[in-house]
Amino acid sequence: MIYIYVSIIISLIALVFAGIIAYGIKQHKIKDEKAKEISRAIHKGAMAFLNKEYKVLIIFVIVVGAILYFLVGNSIAWAFFCGAIFSGLAGNIGMRIATSSNARTAEAAKKSLKDGLRVAFSSGSVMGMTVVGLGLLGVSVLYLIFGDPQIIYGFGFGASAIALFARVGGGIYTKAADVGADLVGKIEAGIPEDDPRNPATIADNVGDNVGDVAGMGADLFESYVDAIIAAMVIGSLGVLTGFRNLVFLPLLLAGVGIIAAIIGNIFVSFKNRTPKKKVPAEPHKILNQGIFGSTILAAIFSLFVIKLVTGQFILFWAFLIGLASGIGIGLITEFFTSYKYKPTQKVAISAQTGSATNILRGFSLGMGSTLVPVLIISLAIFLAYLFGGIYGIAIAAVGMLSTLGITLAADTYGPVADNAAGIAEMAKMGPEVRRRTEELDAVGNTTAAIGKGFAIGAAALTALVLMVSYGLVADLKVIDILVPKTIIGLFIGGLMPFLFSSLTISSVGKAAMKMVQEVRRQFKKIEGLLEGKAKPDYARCIAISTEAALKEMILPSVLVVVVPVLVGFILGPEALGGLLAASIITGFLLAVTMANSGASWDNAKKYIEAGNLGGKGSESHKAAVVGDTVGDPFKDTAGPSLNILLKLMAIIALIIAPLL
């Protein structure tokens, strides 16, 4: 049991480290009063949405918790409540620190690019360390209390429930504002992005935090705890003989990943300190050094831990495969979505002949980009199974997510940098600050795309491990795909990602229509607004996004919970297994397609805005803006939400397995 206490201590170290970083960020003073006012408006809008969303979530959590209490057991129900609380707390903390760091990042950028990068990355570090700290703490304490990892699936279910609403609701919010701001502001009115005259610009900046901070944090919190719990359950079922302490190993591997991530965070902060001799800052290079350094340290630490705990080395290779897979998916995502490389440059070139060719090229890129991630995941499954059977696959999933403390920090840095660039524009902080924050934002776009690719890969591997766990718990040796009920389950499972994406993209469209109408109304009715003589009604646009997100997130969220339950009880456990298998395959492919297409359209637009192919205001730029607008719900709403779909349906299957 000493291993449990070690994992608890490491999780507390992560939380203390997050607290120290948060305190350090607070010490940075915001001298620009206009920037402070804008930051306060963004913070107020973000917290207003989060508070309203949590009111809906409280009802959902109480109802589902009561059902679990009476049908499955009180232990599962209490674990479910803990998972929901911890996930919600992680998102709340991340949102608060991100919305208080945006203006501080812009202020720091007055001194240098590195100072701005340090503040933005530090805010991401708080989110990353909070997620891994609370995740490992929750799983460890619940195992200490119950002594049965299958009960802790309730914790994963609670995390999944919060993640679903955070991802779907946050995604609808952010893209309704973004699409409305772009279509009317950029295309119709011809004013720059983040122009204070645009009524939707504050809602757009709020959305960056709602979707890419709280949403991404909840998504990866869910993946993180689900991977650990699934590995513990598989280890407890004795599927791998000749090894010891297989239940405790995932906890310790997550712990060494946290230590490696802390060292990586310190390294990035140290590299960001401005030297006496001015050296050109390379933000992307610095972030990559931190991530790669943490990965190498996690591999070294895990080698000793695996030998110490199990008495053998062979499982180290499974862990290493998971680490390498995460890095591989991130790098291939960067290749397809960064405008430094040919694929996205070709998407930008296609905008010269109009928005139709731009959209076709971008969508084609997204579909073609699925090849390498599929090969990486397939190879990871094959090799991990070779080295450790089913348990090896579970350890590979833990390995992929072990350095989440720094990979999530690099991802969450993106929306903070984006907000900082917007604040610099709106507060008129000068061309040098604007140039530096735009450079940070450009790096943030790449890290966000890499983060989404990583999250999708992690979701696919985690969902696969959960499906295997379901088979073990439901005592399914094989699933016969020639049985009619199983075939029906396969079709329903394959359908779910498409139906779910249809609902979420449609929701963004409906919400964006309301936003477009409101922005047009204000431009027309408020005299002097376009001339900069009058102030827009930002609050009305924030209210439109909030109301639309809360209303539209209900149906897709309920669908994900209800369908696996109905299939399980009506068609049986084999059909439910088929549903999970098909949903993982189609969901993974669809998520990669939409995430990479959306990111490529976005960066193709930025490639043109950087002065290529005619630059801002050209016909190719207008076509690229349309492509970016189409891609927004792809990469920030439907695509990321599929991660939750895959994992949540698998968790529900595991919860109801004893009842089937």
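Side chains are part of it too, since the values below use all heavy atoms of this structure and drop only hydrogens, waters and symmetry mates.
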State whether the side chain of S294 and the backbone N or O of A260 hold a donor-acceptor pair below 3.5 Å, judged by distance alone.
yes

Could you pull out every donor-acceptor pair under 3.5 Å between side chains of residues 15-24 and any protein atom, sequence neighbours left out?
none

Can you tell whether the side chains of E107 and K31 come within less than 4.0 Å, N to carboxylate O?
no

For the pair R435 and E432, find out whether any cationic side-chain nitrogen is under 4.0 Å from an anionic carboxylate oxygen.
yes

When you measure from the side chain of N419 to the backbone of N205, do you find a donor-acceptor pair of N or O atoms at a distance under 3.5 Å?
yes

Please confirm whether the backbone N or O of A424 pairs with a side-chain atom of R434, one donor and one acceptor, at under 3.5 Å?
no

Does S112 reach the main-chain N or O of D115 with its side chain, forming a donor-acceptor pair under 3.5 Å?
yes

Among side-chain atoms of D204 and T201, is any donor-acceptor pair under 3.5 angstrom?
no

Look only at the side chain of R197 and the backbone of L529, and say whether a donor-acceptor pair between them is shorter than 3.5 Å.
no

Audit row: V347, N358, side-chain contact (heavy atoms from CB on, under 4.5 Å) steps and yes/no:
CA-CA 6 Å; V347 173; N358 178 250; 3.5 Å; yes

Less than 6.0 angstrom separating the ring centers of Y173 and F49, yes or no?
yes

What I want to find out is whether E609 reaches K606 closely enough, with some N-O distance under 4.0 Å, to be called a salt bridge.
no

Side-chain contact, heavy-atom cut-off 4.5 Å: E33 with E37?
no

Separation between OG1 (T403) and CZ (F454), nearest 0.5 Å, reads 5.5 Å

Pairing of D32 and K36 as salt bridge, 4.0 angstrom limit
no

Run the numbers on T174 and V210 for side-chain contact (heavy atoms from CB on, under 4.5 Å), then give the verdict.
CA-CA 7 Å; T174 182; V210 167; 5.6 Å; no

Is there a side-chain contact between K616 and I608 (heavy atoms, below 4.5 Å)?
no

Out of the candidates K622, K605, K635, only one should pair with D628 under the salt bridge (charged side-chain N to carboxylate O under 4.0 Å, His left out) rule; please name it.
K605

For the pair S39 (side chain) and T99 (backbone), establish whether a donor and an acceptor sit closer than 3.5 Å, ignoring hydrogens and angles.
yes

Taking it one step at a time, do I93 and V126 satisfy side-chain contact (heavy atoms from CB on, under 4.5 Å)?
CA-CA 8 Å; I93 292 171; V126 175; 4.3 Å; yes

Should we say atom NZ of K110 is surrounded by more than 12 heavy atoms from elsewhere, each under 6.0 Å from it?
yes

If we count only N and O atoms by modelled type, under 3.5 Å, do the side chains of T337 and N603 hold a donor and an acceptor together?
no

Between E53 and R167, does at least one N-O distance fall below 4.0 Å, as a salt bridge requires?
no

Can you see which heavy atom on N265 is nearest to which on M129, and at what distance?
ND2-CE, 3.3 Å

Atom CG of L323 and atom CG of L401: how far apart are they, to the nearest 0.5 Å?
10.0 Å

Using modelled atom types and a 3.5 Å cut-off, is there a donor and acceptor pairing between side-chain atoms of Q345 and backbone atoms of Y339?
yes

With no hydrogens and no angle check, is any side-chain donor or acceptor of S618 less than 3.5 Å from a backbone partner on H621?
yes

Counting only N and O atoms by type, is there a donor-acceptor contact under 3.5 Å from the side chain of Y538 to the main-chain atoms of N198?
no

Any side-chain to backbone donor/acceptor pair from S600 onto S597? Under 3.5 Å, distance only.
no

Do L331 and E334 pass the side-chain contact (heavy atoms from CB on, under 4.5 Å) test, and can you show the C-alpha distance, the side-chain angles, and the key distance before you say yes or no?
CA-CA 5 Å; L331 291 175; E334 180 181 5; 4.1 Å; yes

Is the distance between the ring centroids of F121 and Y413 under 6.0 Å?
no

